[in-house]
Amino acid sequence: MAVAQSNISQSGAFVLFTRAMFTGSVPFKMSATSMFPMCVRASRGLLRLRNGGRGGSNSTGVDLIRALSTEKPPTGDGSATGGLAQSILQERLQQQQKSQGQPPPEGDGDSEQKQDQGEDKKQKENTAYAKKMVMRLAGLMGIGGAVGMVYVFGSNSVDEQGNAIPDQFDNDTPVIQQLRRTFKYFQDYRQMIIEPTSPKLLPDPLREPYYQPPYTLVLELTDVLLHPEWSTAYPLIDSIDPQGFVMYRLFRDSTRYMEGHHVKDVSCLNRDTSKVIVVDCKREAFSLQPFNGMALTKWDGNSEDRTLYDLAHFLKTIALSGVDDVRSVLENYALEDDPVEAFKRRQAQLAQEEEQRLAELAQPKKQAISLGSIAGRFWRSKQQ
């Protein structure tokens, strides 16, 4: 009572608190062990109210008294943790845990949480098992496919009677034979795609008394001569060349596959490269010899397009001029987006310059004629 009485003058709220605690209005038995924590708590509350303002301390004290007065005392005697202070402490602890985001104490939700965790764990285990089985199946299929390829491509070639054709691998063990033949097969297949099928794609030039054309023209079929919607090349060539002016027919196996493009190598044609002209719609097609080619605009099937007529005029000009090295001519059009159109512009400019030159040459003759006529008239007048 000494602590409470010394602070009555500052806070009247503690009068109610001390009366309810000690005058016997709420009779219950309390042991010394349960009494001590409440006394300590009351002392701390008293000190907080003393340090706080008058208005705030009154409201805090009233709330604390109401909370303590509504609590029911424990029924057991001599309980150290079952009293009123213990209930308040438990409530404050739960509020603190909620504010800090901690999970609530174990209760009815534990079973549901454990059940969800068990289901998640089971689902993860099933997913991991399925992945493992898929990987095993893929591995087995890969091994089976590899063994099948070695068996198919590693066997000896056979003749028309079905007899095995001997090769350089017959002296090796059976397994090594299969592996080496398979490796050689894929190596040859890669070489066939990347490199031309032969270093001489055309036969040797014709000799006298046969006529060998002085120039060689390499024409791309797709998007230059035709805009096909199918890939049957032979019938197309037969239909556009019934007289057989196209002497040789080369396909993609005659090109070099470089950086994703099929490149026409002029050096493999077995012809004088200074007399070879490559016509294509892609510059990559003659990238190895850029001054041997002409890149036309891609034809989209328009029936009014006259690029081929202009190309024929260009080629005719080269042939009639007897150009020793076509590369010296094609080099002038290497940077043009449309070389045929550039050729037409230059031809028109040359024709205009030629007309102007002829006009300049004809002008002195006219002047000479006019002077002669004047002199003749003067002489005749003098004679008269």
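Start at 1 with the first residue, then count along the sequence.
The main-chain N or O of Ala334 is found under 3.5 Å from a side-chain atom of Arg283 such that the two form a donor-acceptor pair. Panel note: side chain Asp280, backbone Ala285; no donor-acceptor pair is recorded below 3.5 Å.
Salt bridge Asp167/Arg180: absent, no basic N to carboxylate O contact under 4.0 Å. Under a 4.0 Å N-O distance rule, the pair Glu360/Arg357 does not qualify as a salt bridge. In summary, Lys124 and Asp120 do not engage in a salt bridge, as defined by a charged side-chain N under 4.0 Å from a carboxylate O.
Rounded to the nearest 0.5 angstrom, Leu179 CG and Lys184 NZ are separated by 15.5 Å. One distance of note links NZ of Lys282 with NZ of Lys298; it measures 7.0 Å at 0.5 Å rounding. A distance of 11.0 Å separates NZ in Lys275 from CG in Asn292, rounded to the nearest 0.5 Å.
For Phe153, the ring-ring contact (aromatic ring centres under 6.0 Å, His included) test picks out Tyr185, Phe186, with sequence neighbours left out. Evaluation of the side chain to side chain donor-acceptor pair (under 3.5 Å) rule for Thr297 yields no partner, not counting sequence neighbours.
Side-chain contact annotation: Asn171 with Gln177, donor-acceptor N/O pair under 3.5 Å absent.
When hydrophobic side chains of Ile, Leu, Val, Met, Phe, Trp and Tyr are connected at separations under 4.5 Å, Val278 ends up clustered with Leu201, Leu202, Val218, Met247, Tyr248, Leu250, Val266, Leu269, Val276, Phe286. Other residues sharing a hydrophobic cluster with Trp299 under the 4.5 Å side-chain heavy-atom criterion for ILVMFWY residues do not exist; the residue is a singleton.
When all heavy atoms are compared, the tightest approach of Leu288 to Arg256 is CD1-CD, 3.9 Å. Nearest heavy atom pair, residue Leu330 against residue Gly293, reads CD1-N, 3.9 Å.
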Which atom pairs, donor and acceptor, lie under 3.5 Å between side-chain atoms of residues 127-139 and protein residues at least two apart or in another chain?
from	atom 1	to	atom 2	distance (Å)
Thr127	OG1	Gln123	O	3.0

What pairs of donor and acceptor atoms, side-chain ones from residues 303-325 against any protein atom, are under 3.5 angstrom apart with sequence neighbours left out?
from	atom 1	to	atom 2	distance (Å)
Asp305	OD1	Thr307	N	2.8
Asp305	OD1	Thr307	OG1	2.7
Asp305	OD2	Thr307	OG1	3.4
Asp310	OD2	Lys344	NZ	3.4
Thr317	OG1	His313	O	2.8
Ser321	OG	Thr317	O	2.7
Asp325	OD1	Arg327	N	3.0
Asp325	OD1	Arg327	NE	2.9
Asp325	OD2	Arg327	NE	3.4
Asp325	OD2	Arg327	NH2	3.1

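Looking only at side-chain heavy atoms (C-beta outward), Gln212 and Tyr210 stay at 4.5 Å or farther from each other. Counting only heavy atoms from C-beta outward, the side chains of Asn156 and Arg181 approach each other to under 4.5 Å. Counting only heavy atoms from C-beta outward, the side chains of Cys268 and Lys200 never approach each other to under 4.5 Å.
A continuous path of Ile, Leu, Val, Met, Phe, Trp and Tyr side chains, each step under 4.5 Å between heavy atoms, connects Met294 with Tyr215, placing both in one hydrophobic cluster. Hydrophobic clustering (ILVMFWY, side-chain heavy atoms < 4.5 Å, transitive): Val263 and Val224 are in distinct clusters.
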Passes salt bridge (Lys or Arg N to Asp or Glu O under 4.0 Å), Arg249 versus Asp238? Steps please. CA-CA 11 Å; Arg249 303 178 183 184; Asp238 293 337; 2.7 Å; yes

